[in-house]
Protein chains: 2
Amino acid sequence: MAGTRGRRGGVGVVDLARELGVSTATVSRALNGSDAVRPELAQRVREYAEQRGYVANRLARALSANTSRAFVGFVIPYVDTPAYSAVAAECARLLSRDGTQMILSITENDPEREHRQLRELLASRVAGLIVSPSTYVTRASKELLRNAPVVELHRASGIAAPGVFSDDEQVITECVLHLAALGHRRIAYLGTPRELSNGAARLRGLRRGLELAGLTERNCATHLSEPTAENGYTGANQLLGAAEKPTALLVGGGSLSQGAARAVRAAGLRLPEQLSLIVYGDPTWFALSDPPLTTVVVGYAELADQAAALLQRRLDGEPVEPRPYLVKPELVNAGSTGPPPA
Amino acid sequence: MAGTRGRRGGVGVVDLARELGVSTATVSRALNGSDAVRPELAQRVREYAEQRGYVANRLARALSANTSRAFVGFVIPYVDTPAYSAVAAECARLLSRDGTQMILSITENDPEREHRQLRELLASRVAGLIVSPSTYVTRASKELLRNAPVVELHRASGIAAPGVFSDDEQVITECVLHLAALGHRRIAYLGTPRELSNGAARLRGLRRGLELAGLTERNCATHLSEPTAENGYTGANQLLGAAEKPTALLVGGGSLSQGAARAVRAAGLRLPEQLSLIVYGDPTWFALSDPPLTTVVVGYAELADQAAALLQRRLDGEPVEPRPYLVKPELVNAGSTGPPPA
DNA sequence: TTGAAAGCGCTAACAG
DNA sequence: CTGTTAGCGCTTTCAA
């Protein structure tokens, strides 16, 4: 009974301690690389633990050391798009180097679910959070976020926290100028709602682009909706079916782009002769189109690296400025833009 | 000092107990819906806890109740493809209904990483695991898996555990018959390695299809490689560049299909006049192709539902047969297959 | 440098 | 039905 211990995993610190003839404190210290233990003893403990196949109970560890890096929460609205799945994968990879496990929470953009998940995550004593807030974050959720080491991703909730975002404003401006330079004067914009921080950023970019191109908002029909492929499809159809047909369609958002691309194809428009099209996301999605689509390419890996690094710095206690950290997207011309039809 | 308690979260069971004038045991029982507490008291406790904003420390809970459903591990080789990301999302959603959090681990198909992650997961006392094993699972990993409630997904490692898979064998047979019926006699197959359980299943389907079609393996060049889009691209090029050109290309695997589709497009082959093509995965990926590609559609949501349900049943202690649970994929004809060129 | 002992916050015997 | 008392497995004072 006493000898068996650890019904489940097996060896525990007390076993090691007993078998080595030292105290559990010493074992713990040795295992955690405390410098307050004679190096050779520490070494011996570690070797023995290894050989004995010891693996620490992370729950106990995290519970005891009221602070620990055992878990980090990753809270996102969706995961079925690379903007999230690719970043999630990369973050999990980076965090696991530190021995940190990532708890994945999908809110489905539902503020209530989000709030519940955040509570649960905090109840699991996560060391920190990487969060992509839902469109309408509740006051209560913000309160929770304020009191935890948070790094925002893709979207900002308005709290004072560092956040990693793609520099949408700048690239959308570039897109508009690109189109205007080709001669377009009736540009349609399909994007995410302004309540979404990235939606707002893209709209700023749009406005700035139009201004710099000497165009007004009257030159630009816009359609804003939550980022789903479905919305992209219907939104694009709506814009393309307007009385004053646009000669170019600019889509601000990855999922919207998926749907929009399908809508354009279904409409049977020849690119770029009948319509110039710029989409958002990963060019490999659009590689099968003919011609391949000119795409705003967002560096998901870089976003992930930044997010993970910022969080780790916060957890290390290093000061991290609570500001946006922007990653520059790249406008990759693949042939779906050209002069407007005569 | 005594009154403050809970440096971090705030209220704990002892606070509630003290403030309500009952014991912590009673509080715990009430909160966990034990029937061994007077209903009205239980009610009062719950209401008070709610009002007090109590939220249980899941670490403590899980540590104490040596069994708990706090966490479940989700171990997959990749997540940047819907075969995994979509299933992960859906599983996270389903598990969260039970209050279970999902720890996401990406192995990158590396057996060593996989083993380490499994150990760490078990060290976190996960209640169970949903695992998509790497191509070459180590003996040690299998040992770990054998001693935990595991449900396999997409791929089997050979241990006695329930697993949820798409019925690749059957659908690949159907594909071959479809092509043969159109008149094809030189079919190329691009698939995953036979070391992968799904690779083996697809090969079985291939062989059976050829046989039923009265063809031999000499009618069918095959190329097997790890499932990445890159490999799909090079593999397809290789098959298409062979001396005896195939008239049809069948791709068994989602990522391979992505690459293969690009290769076919790059080769400038007209579908289905010059080549018949069947791919694997989500048809929306291939919707932009002209014509859209005939696709083997795998029901990711259904896979996820099954996997989550099986795991939950196992955790409930219900007996679950350690066998494959197959989900039928669907062959959706979208126009990229037709009679072979004359 | 090491050990004894007190928790971390919760659940679960065991009594009453 | 309810309370007392041990733990879960680890870390971390506090002394020695």
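Heavy-atom basis, side chains included; hydrogens, waters and symmetry copies ignored. Chain letters run A, B, ... following the sequence lines, proteins first and then strands; every chain starts at 1.
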At their closest point, which heavy atom of [X] faces which heavy atom of [Y], and how far apart are they?
X      : Y      : result
A/Y325 : A/Q306 : CB-OE1, 4.1 Å
A/L145 : A/S157 : CD1-OG, 4.3 Å
B/A127 : B/S68  : CB-O, 3.1 Å

>> Students often get this wrong, so: under 4.0 angstrom with heavy atoms, is A/A62 touching a base, only sugar-phosphate, or nothing?
In response: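 No contact.
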Would you kindly give the [atom1]-to-[atom2] distance between [X] and [N], to the nearest whole Å?
X      : N      : atom1 : atom2 : answer
A/L16  : C/dT2  : CG    : C1'   : 17 Å
B/Y54  : C/dG9  : OH    : C1'   : 8 Å
B/R125 : D/dC8  : CZ    : C1'   : 9 Å
B/R58  : C/dC8  : CZ    : C1'   : 17 Å
A/L63  : C/dC10 : CG    : P     : 9 Å
A/Q43  : C/dT1  : CD    : P     : 16 Å
A/D35  : C/dT1  : CG    : P     : 8 Å
B/L59  : C/dG7  : CG    : C1'   : 15 Å

> Relative to the 5' end of DNA chain D, which residue comes earlier, B/L41 or A/A56, by the nucleotide with the nearest heavy atom?
Replying inline: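 Between the two, 5'-proximity favours B/L41.
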>> Quick check on contacts: within residues 23-33 of chain B, what sits under 4.0 Å from DNA chain D by heavy-atom distance?
In response: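 Those residues are B/S23, B/A25, B/T26, B/R29.
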> Do B/V75 and B/I130 touch side chain to side chain, with heavy atoms closer than 4.5 Å?
Replying inline: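 Not touching, per the 4.5 Å side-chain cut-off.
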>> Of the options C/dC8, D/dG3, C/dG3, whose atoms approach the side-chain atoms of B/V22 most closely?
In response: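 Selected nucleotide (nearest to the side chain): D/dG3.
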> From the list C/dG7, D/dC1, C/dG9, which nucleotide is the closest neighbour of the side chain of B/R38?
Replying inline: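 It is D/dC1.
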> Are the side chain of A/T24 and the backbone N or O of A/V13 linked by a donor-acceptor pair below 3.5 Å?
Replying inline: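 No, the answer is negative, given that no donor and acceptor are paired below the 3.5 Å cut-off.
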> Would you say A/R69's side chain and A/T100's backbone share a donor-acceptor pair under 3.5 angstrom?
Replying inline: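 No.
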> OP1 or OP2 of C/dT11 sitting under 4.0 Å from any side-chain N/O of B/R61?
Replying inline: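 Answer is yes, contact under 4.0 Å.
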> Should A/N66 be listed as having a side-chain N or O under 4.0 Å from OP1 or OP2 of D/dC10?
Replying inline: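 Checking D/dC10 against A/N66, no side-chain N or O comes under 4.0 Å of OP1 or OP2.
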